[in-house]
Student: 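The following block contains the structure, expressed as structure tokens.
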Amino acid sequence: MDLKMFQYFREDHEKRDFVSGGAAAGVAAAFGAPVGGVLFSLEEGASFWNQSLTWRIFFASMTSTFTLNVLLSYYHGTPWSLSSPGLVNFGQFANQSYYGYEIPIFFLMGVIGGLLGAVFNAINYRLTVYRIKFVHQRFLCVLEAAVVASFTMATAFLSIYFSKDCRPIVSTIKHPIQLFCDDGQYSASANLFFSLPEESVKSLFHKDAGTYEVTTLVVFFIIYFLLACWTYGISVPSGLFIPSLLAGAAWGRMFGIFLHSIFPDDFKLSELGIYALIGAAAQLGGVIRMTISLTVILIEATGNITYGLPLMVVLMIAKWIGDIFNHGLYDIHIQLMRVPLLAWQPPPMSTTIRAMEVMSHPVTTLNVVEKVGNIMDVLSDPTTNHNGFPVVDPHEQESFGTFRGLILRSQLIVLLQHKAFSMWPVVQDPRVLLGIEDFRDAYPRYPDINDLNISEVEMECTIDLRPFMNPSPYTVQKDASLPRIFRLFRALGLRHLVVTDKSSEVIGIVTRKDLARYRYTSRGGRVTIQELDIVDG
């Protein structure tokens, strides 16, 4: 049943906006960070941005955070006590400060985070390539998930068994795990492995010095780092934020213990929890290469703006160091999945690439008054699975025709479905008059072209495309540069860009896929441009 309540949202760009809003709302609810959610969507979740989208996404993040607070207030038995920070709570860093002379130390931690992030991405890239080539059948995907789960459990138990990191149970330990320890003791290693990941992160952030031995942290970091590399990308929902934060918190706390051991007692250093927080930020920033949004998310999640400067410094350094070796993990997987998502900037050194080198050619065109049979042939041909078609005046053999407008595949299907054509050559007026509601109501469940019932007589009819086409779409000349084309797509959210010559003759068409296949790599100071394969559909 269609209540027609959301008819104005039935457009492709509105659908893309909803995806960006969903990403922002999810981050806002998870970390209690509405502003961080907006910035996350801006930095990672959208390839087109404007002022209207900004306030929409901010409203979605605000609503998500408010709704979660209301639900959690009832869950905790304190209705309408709207003070819950989010689903993932890192605890409050109260009365903990850092010192100016520690900034170089944070610089070093940013370098370490960038290097570890580059290693993480390189390992995961090779594992993902192997999965794409060999692990694609369903039973193999299930088998890999089972192997990962079994290996994780076996490795955790073995590391706990050999660590013997037993500690006396104190009142601050909420859920002590006695595993392999005597009565009245708990295993610190087991608490790290078998607690909820966010609880383990909170423990590394806030537990007193001496809670964990260095060997326990070393073993835990190595195992968790490698398992996170292996797990991300398998056929189960697996996150990246919390595993990276947990691995970074482990080596960050270990780094703090090392500093406290080499400096004298009268030399003031930050608490171990601060180093765990900086290490967590460095690790996550080195993996996903986010800066602005991740800074705000961590500030909102910890409830303390005091650490804004060191977090910004660490995240920038981690990004710069990691970018020397490879791209962020999200960008790597977008590239491997062949998704046509545009980068923020055109590839460097691409000013010499022209539209005629980027465009799809030859291009499939339709006449302003086209025969129904020809339209059926074009839409049924699997080699012309395009979303838009240039409309031209009848053309000569050596030309595609003079450009008159652009019409979408979905519009053509609606025209054929409603039989909005005339009997040729008797009359030119269509037998069925269509309005904007007819096209909007069909979105997005358009029928398949092979399911349309068009008779042989109707195949000889014609459709005048001029009332339905876009008569003034964006076009470029054949000598336009790639950066100019890229900025048009990025700034205007385009999907098609027709390429013409000086006589307005159509010579090709540029789509997002044509632009997204150009990626640049920088290694050892050498910049190269790669042409990638982009998935169809």
Side-chain angles (χ1 to χ4, degrees), residues 10-13 15-16 132-133 136-138 334-342 355-392 394-395 397-401 403-421 438-439 442-463 465 468-470 473 489 494-499 506-518 531-537:
R10 292 177 174 176
E11 296 179 6
D12 284 338
H13 73 88
K15 185 193 296 184
R16 294 194 295 270
I132 294 174
K133 290 182 178 179
H136 46 78
Q137 297 182 356
R138 290 187 177 181
I334 288 172
Q335 175 181 333
L336 289 174
M337 295 296 106
R338 300 184 296 165
V339 177
L341 183 66
L342 297 182
M356 64 180 68
E357 303 173 57
V358 180
M359 67 184 186
S360 297
H361 180 85
V363 62
T364 303
T365 61
L366 298 172
N367 294 329
V368 289
V369 179
E370 188 60 85
K371 193 175 178 180
V372 173
N374 292 339
I375 296 176
M376 289 291 295
D377 292 339
V378 169
L379 297 182
S380 302
D381 188 354
T383 61
T384 58
N385 188 25
H386 309 309
N387 187 61
F389 301 91
V391 180
V392 298
H395 51 76
Q397 291 183 349
E398 297 181 357
S399 170
F400 290 110
F403 183 63
R404 287 293 177 259
L406 185 75
I407 192 165
L408 302 180
R409 169 181 288 268
S410 59
Q411 293 175 291
L412 293 173
I413 291 178
V414 172
L415 292 174
L416 293 174
Q417 182 184 18
H418 288 83
K419 302 184 184 300
F421 38 76
D438 298 294
F439 295 93
Y443 181 88
R445 301 177 181 87
Y446 300 106
D448 187 85
I449 186 63
N450 297 316
D451 296 334
L452 298 179
N453 185 18
I454 306 295
S455 66
E456 292 295 332
V457 176
E458 292 171 334
M459 287 286 190
E460 299 300 321
C461 298
T462 60
I463 300 180
L465 301 179
F468 309 104
M469 71 181 186
N470 180 2
F489 272 83
L494 302 181
R495 294 189 65 180
H496 317 90
L497 193 61
V498 178
V499 182
V506 176
I507 61 175
I509 189 169
V510 180
T511 66
R512 293 175 73 90
K513 295 178 182 179
D514 296 322
L515 295 182
R517 73 172 186 258
Y518 288 95
E531 188 172 347
L532 309 175
D533 186 22
I534 300 297
V535 70
D536 293 329

Student: Supply the atom-to-atom distance M459 CE to I375 CD1, rounded to the nearest 0.5 angstrom.
Tutor: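 That separation rounds to 10.5 Å.
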Student: Does E460 reach the main-chain N or O of V457 with its side chain, forming a donor-acceptor pair under 3.5 Å?
Tutor: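 No, because the side chain of E460 does not come within donor-acceptor range (under 3.5 Å) of the backbone of V457.
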Student: Checking side-chain contact (heavy atoms from CB on, under 4.5 Å) against L366, which of L406, L412, N374 comes through?
Tutor: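 That would be L412.
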Student: My understanding is that only one of V358, V510, V363 makes a side-chain contact (heavy atoms from CB on, under 4.5 Å) with V499; could you say which?
Tutor: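 Answer to the side-chain contact (heavy atoms from CB on, under 4.5 Å) test with V499 among V358, V510, V363: V510.
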Student: Sequence neighbours left out, what passes side chain to side chain contact (heavy atoms under 4.5 Å, CB included) with Q411? Give chain and number order.
Tutor: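 Applying side chain to side chain contact (heavy atoms under 4.5 Å, CB included) to Q411 gives I407, L408, F439.
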Student: Can you tell me how far the NZ atom of K419 sits from the CG atom of N453, to the nearest 0.5 Å?
Tutor: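 Separation between the atoms: 5.5 Å.
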Student: Minimum heavy-atom separation for R409 to V378, with atom names?
Tutor: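 It is NH2-O, 4.5 Å.
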Student: Considering residues, nucleotides and ligands other than N450, do more than 12 of their heavy atoms fall under 6.0 Å from its CG?
Tutor: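 Check passes, neighbour count above 12.
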Student: If you take all heavy atoms of F400 and V506, which pair is closest and at what distance?
Tutor: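 Looking at all heavy atoms of both residues, the shortest contact is CD1-O, 3.2 Å.
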Student: So how far is it from T462 OG1 to N367 CG, rounded to the nearest 0.5 Å?
Tutor: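 Interatomic distance, T462 OG1 to N367 CG, rounded to 0.5 Å: 11.0 Å.
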Student: When rounded to the nearest 0.5 angstrom, what is the spacing between CD1 in I509 and CZ in R495?
Tutor: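 Between I509 CD1 and R495 CZ, I get 11.0 Å after rounding to 0.5 Å.
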Student: Would a distance-only check, ignoring hydrogens and angles, find a side-chain to backbone donor-acceptor pair under 3.5 Å from R512 to L494?
Tutor: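 Indeed, once roles are kept as given, a pair shorter than 3.5 Å links the two residues.
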Student: To the nearest 0.5 Å, what is the distance between CG on L452 and CG on L415?
Tutor: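 Those atoms lie 11.0 Å apart.
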Student: Just wondering, do L497 and M359 contact through their side chains at under 4.5 Å, heavy atoms?
Tutor: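 They are not in contact (no side-chain heavy atoms under 4.5 Å apart), so the answer is no.
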Student: With a 3.5 Å distance limit and no angle check, can you tell me whether D514 reaches the backbone of T511 through a side-chain donor-acceptor pair?
Tutor: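 Side chain of D514 to backbone of T511: a pair is present.
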Student: Report the residues that fulfil salt bridge (charged side-chain N to carboxylate O under 4.0 Å, His left out) with R404, sequence neighbours left out, ordered by chain and then residue number.
Tutor: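 Checked R404 against salt bridge (charged side-chain N to carboxylate O under 4.0 Å, His left out); matches are D393.
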Student: Contact between P473 and H496 at the side-chain level, heavy atoms closer than 4.5 Å - yes or no?
Tutor: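 Side-chain contact under 4.5 Å: no.
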Student: Mind listing the closest non-hydrogen atom pair of M376 and I454 along with its distance?
Tutor: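 Closest pair (atom of M376, atom of I454, distance): SD-CG1, 4.0 Å.
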